[in-house]
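Report on one structure; see the data block that follows.
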Amino acid sequence: AQSVTQPDIHITVSEGASLELRCNYSYGATPYLFWYVQSPGQGLQLLLKYFSGDTLVQGIKGFEAEFKRSQSSFNLRKPSVHWSDAAEYFCAVRGDSNYQLIWGAGTKLIIKP
Amino acid sequence: NAGVMQNPRHLVRRRGQEARLRCSPMKGHSHVYWYRQLPEEGLKFMVYLQKENIIDESGMPKERFSAEFPKEGPSILRIQQVVRGDSAAYFCASSPDRGLEGKNIQYFGAGTRLSVL
């Protein structure tokens, strides 16, 4: 069965520091992978996606993610975080059905001034 | 271009009452998906609908839960005789189509937070 693991429930980083949020997936075929962000009181906004091709994908708000098949990972990175990046981040993989998204439990990002 | 609209944002019900959650997809989108998020967990797929059709309801509890997406109007997720365990955030997403080989993007609303007293 497909699954997504986000091992870090909370991460705290200082403003201006670099960020990496981990995501590991379990899926037999080529996965379609997504990162969404949820700000307080807001809906889920798509940051970036991987379908095929270049394994380093660029997203909005200065985020990027790298697909590593050998490690079954799709980690999210940002070189320098801003206070406005404080939110909850979700990794998701497309399931066998071609429309169901399988989600990780999320990582809450806290920014220290 | 308005995004996916869900209402109400917060809904409080007593045990045994009915909860109705509404979702208006983005303009031009005819595919709707409902997900449930329990506290401290990721979202779980519930149901996938196209206009007037339920395509997949495999994630929806067999009893008390139903969903529809009529020809006119929003998609409705209905929970009858709510229990405390139904307390959760319910998210709706929409897409313009199913996408070739699943390469579609689902756009999400802000969710409805249901609290059952």
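Heavy atoms only: backbone and side chains are in, while hydrogens, waters and symmetry mates are out. The chains referred to below are lettered A, B, ... by the order of the sequence lines, with proteins before strands, and numbering in each begins at 1. Just so we're clear, the structure is a prediction, and the values are computed from it rather than from any experiment.
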Rounded at 0.5 Å granularity, tell me how far [atom1] in [X] sits from [atom2] in [Y].
| X | Y | atom1 | atom2 | result |
| --- | --- | --- | --- | --- |
| A/Gln45 | B/Phe108 | CD | CZ | 12.5 Å |
| B/Phe91 | A/Tyr36 | CZ | OH | 12.0 Å |
| A/Gln38 | B/Leu43 | CD | CG | 7.5 Å |

Neighbour count above 12 (heavy atom, 6.0 Å) for [X] [atom1]:
| X | atom1 | result |
| --- | --- | --- |
| B/Arg78 | CZ | yes |
| A/Ile9 | CD1 | no |
| A/Phe67 | CZ | yes |
| B/Lys51 | NZ | yes |
| B/Glu41 | CD | yes |

Task: ILVMFWY cluster, A/Leu19 and A/Ile60 together (side-chain gap under 4.5 Å) - done: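 Hydrophobic grouping puts A/Leu19 with A/Ile60.
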Task: Side chain proximity check, B/Tyr35 to A/Trp103, heavy atoms < 4.5 angstrom - done: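 Side-chain contact under 4.5 Å: yes.
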Open item on the list: For A/Leu101, which atoms come within 4.5 Å of any heavy atom of chain B: side chain, backbone, both, or neither?
Closed with: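 For A/Leu101, the contact with chain B is made by backbone and side chain together.
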TODO: Ignoring hydrogens and angles, tell me if any N or O in the side chain of B/Gln106 forms a donor-acceptor pair with the backbone of A/Tyr99 under 3.5 Å.
DONE: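 Confirmed, B/Gln106 side chain pairs with A/Tyr99 backbone.
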TODO: Select, from B/Gln6, B/Lys44, B/Gln37, the one with the greatest count of heavy-atom pairs under 4.5 Å involving chain A.
DONE: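 The option with the most such pairs is B/Gln37.
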